[in-house]
Every structure is written in C-alpha cells, then in structure tokens.
Protein chains: 2
Amino acid sequence: MAAVDLTTHPGHLARRLQQAHTLLWNAMVSEEITSPQFAVMNAVTAEPGLDQRTVGERVSLDRSTVAEVVGRLIRRELLDKVRDPQDGRRYLLRLTEEGARVHRRLTLRAARMNQVLLAPLSSEEQGLFVDLIRRVSEAAEELRQPVQVPPRP
Amino acid sequence: MAAVDLTTHPGHLARRLQQAHTLLWNAMVSEEITSPQFAVMNAVTAEPGLDQRTVGERVSLDRSTVAEVVGRLIRRELLDKVRDPQDGRRYLLRLTEEGARVHRRLTLRAARMNQVLLAPLSSEEQGLFVDLIRRVSEAAEELRQPVQVPPRP
DNA sequence: GTGAATTAGTCAGGGCACTGATTATTTCTC
DNA sequence: GAGAAATAATCAGTGCCCTGACTAATTCAC
C-alpha cells in the first residue's frame, strides 16, 4: 500500500530511456565502442589536443570516469595521450588514424540509430523532445554550481 | 573535424538527464538510498512477496542487478528475503518495518524533488515530457523482445 | 623568489547495469 | 516415474559513474 507510480517519475523514465538507448546502440552502432567512448572520441575530433579535464567538461563526465574511458580507448589504440610540454600536469589527447576512421564510421551509424530511437514520435515531437530534455538537464546542472559569487575586492 | 553535435543526440541527453537527476536525488531525497533502491522498495510495497525476477520486470532491471540491489537493502535491514515454500527456486521479498517507514518518508521527498526537476517546464510541457520519454523508451524496449511468434501447432 | 593556493590526474571504494556460464529446483514429456 | 527442458538465482567479468583522498606540477601573493 502507498506505492507510487514510477512511470510518472522522470528520473525513473530517464534510466529506462538510457537502457533503451544502450540496447539500440549495441544493436545498430557498435558492440565494442560504447556511447560514452564515442562521446570522448567526438570531443577530441572537434578539438584535437584537448586535456582530460576539458574532455570531461565537454561530454559531462567527471575526471575519474574520463580517465577510465580514455584508458580503454588507448588500450584499443584509438587514442593517444602525451604530456603537455607547456604544462606538465596535463595530458593532451588525440585520435589515432584508426580512431579517426572508427569515429567517422560510427557517426553515420549513430545518426541512423537516432532516427530509429525517435521514430515513434512525429517530427515536431522529436524536436520538442530533445529541447525539453536539454532544458531540464541544463537547469538541474546549474543547481550544482550556483553561479559563482564574485569574491569581495 | 567532422565532429557531431551531441546535444542533438537523445542518448547523450538521456545520460545527462540521469546525472542531473542523481544529483538532485542525493541533495533532496536521500544520500543512503539510491533511486533504483527506492524503485525496488516501491515494487515490493505494491506487491509484497514478489520474487526477484518479477521485481526486475517491474522496475526494469536485469536479474544480476536486482540481486545486488536486494543484497544492499537486506544488509541495511530494509528488506527480508525468504525461500518460497511452494517453489524452492524463488525468494520472496518483503519490506521490514523500518523499510516501510523509509519508503514512506522518501515517497514524499521524491515527489518534491520531481517538482524541482521539472520546474523549468510549464505544466503542459511537464505532462508532454513524461509522455514523450515513456513512448520512446517503451518503443525501444519492444525492439528487444519482438512480440513472441507463437510456435506452430 | 619562496611558500600557499590551485589545478590535472590517479587511486580506492561504492553503486548501477549488462552478458554468459553455472547451480538448484521445478515442470514438462513420454 | 525418469530424463529433458525451463526457470530463479548466483557468480565472474566488463564498463559506466561518482566522491574523497592523494600526488605532482603550476600559478599566485607577498
């Protein structure tokens, strides 16, 4: 008694959506490269020579998770990591040739997969859907760092 | 070059939405009990004496993950597990008194949290949002088990 | 220029999520 | 009723995700 209907809870639905997405990704995009791995490769494609922290910022992953994902991509020789000669704390990331090839190939497949995932919605609904998710996640992310208060001078 | 805009990828957005949700959950609902743990407790509240497999079905979790989550709830003495005397393969799950109390308390907080999470949307948009996510996840889940073909007689 | 913050990355530890293999029990079939 | 198929749960292994503690390098402040 007093149980709740979880299908009205956006958090629960978000988890199910992600499960559904992972399923489709494995079937239609790649069984080797996961969606977060693709996101990292994509960030490095957009800005070669990025450091891990910034990659995390671009793809919404914390430092530890980025390190793991990067580690896996390096093991598969899709990514290279070299110390920044300007700043010895940083590692600069770049795709290998193979990495660039894989990224190109998966980009096409991911686009097809997105179409399939959104197929149950009309095209106006699709736009709306993406917009609504974005607004909700962005608002919640801001609750995290409540707009820096400037230090008194 | 040739990088993609991930903010148009529903899978990527789903992951970010879930991160945002987890953040808010920790801040507003509980730091001890996670959202999947709450989902399991909720399923058992609705149908006391459920077995693990069915709980997994109710909350969209596979057998292994249910076993882990159940294990954690038992360790905290929020849940009890007894062999089904009718069917020695099953374990029947029930909340402890403490478990029922915790579930009641978190239910209220979760409702408040949902309001905050959806606050950036108007109330029509909120309904739409929930509906769109549900439709997309349900459709994708059906791709998994493509409607049993009845065996020829 | 030196000591104190800050910053990039690693590591340990906990939780979620899945697959494939295995074990125990039940049910089906003959 | 005995063997075969199905079912509930566990286990090992992989990957994602986070926090808090730590290390190494840089930058700031005086």
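The chains referred to below are lettered A, B, ... by the order of the sequence lines, with proteins before strands, and numbering in each begins at 1. Because the structure is a prediction, the values reported are computed rather than measured.
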**Request:** State the CG-CE distance between B/N26 and B/M28, to the nearest 0.5 angstrom.
**Result:** 12.0 Å

**Item:** Short side-chain N/O contact to D/dT26 OP1/OP2 from A/R89, under 4.0 Å
**Value:** no

**Asked** In whole angstroms, how far is the C1' atom of C/dT10 from the CG atom of A/D62?
**Response** 12 Å

**Message:** Nearest to the side chain of B/R90, heavy atoms from C-beta on, is which of D/dC17, C/dG9, D/dA9?
**Reply:** D/dA9

**Fill in**
On DNA chain D, more 5' by nearest nucleotide between A/E68 and A/Q86 is A/E68

**Request:** Look at B/R63 and D/dA9 and indicate whether a side-chain polar atom (N or O) is within less than 4.0 Å of OP1 or OP2.
**Result:** no

**Complete:** A/F38 CZ to D/dG15 P, in whole Å, measures 19 Å

**Asked** Within the structure shown, what part of the strands sits under 4.0 Å from A/T65 by heavy-atom distance: base, sugar-phosphate, or nothing?
**Response** base

**Prompt:** Between C/dC18 and A/Q19, is there an OP1 or OP2 to side-chain N/O distance shorter than 4.0 Å?
**Reply:** yes

**Asked** With nearest nucleotides of DNA chain C determined for B/D84 and A/R83 from heavy-atom distances, which residue corresponds to the more 5′ nucleotide?
**Response** A/R83

**Asked** Taking atom types as modelled and ignoring hydrogens, do the side chains of A/S60 and B/R15 form a donor-acceptor contact shorter than 3.5 angstrom?
**Response** no

**Fill in**
Closest of C/dG9, C/dG15, D/dG15 to the A/Y91 side chain is C/dG9

**Prompt:** What nucleic acid atoms does A/V66 come within less than 4.0 Å of, heavy atoms only: base, sugar-phosphate, or nothing?
**Reply:** nothing

**Message:** From C-beta outward on A/L61, which listed nucleotide comes closest to its side chain: D/dC17, D/dT10, C/dT19?
**Reply:** D/dC17

**B/T96 (side chain) donor-acceptor with B/E77 (main chain) under 3.5 angstrom** = yes

**Request:** Give a yes or no on whether a donor-acceptor pair under 3.5 Å exists between the nucleobase atoms of D/dT10, that is its base, and the side chain of B/S64.
**Result:** no

**Item:** Polar side chain donor-acceptor pair, B/S30 to B/R109, under 3.5 angstrom
**Value:** no

**Fill in**
Between B/Q37 and B/E32, the two heavy atoms sitting closest are OE1-O, 3.6 Å

**Prompt:** Does a side-chain N or O from B/Q52 land closer than 4.0 Å to OP1 or OP2 of D/dT10, or not?
**Reply:** yes

**Under 4.0 angstrom between A/R53 side-chain N/O and C/dT7 OP1 or OP2** = no

**Asked** Is any side-chain N or O of B/K81 closer than 4.0 Å to OP1 or OP2 of D/dT10?
**Response** yes

**Prompt:** Hey, does the side chain of A/R76 come within less than 4.0 Å of D/dG15's phosphate (OP1/OP2), counting only N and O?
**Reply:** yes

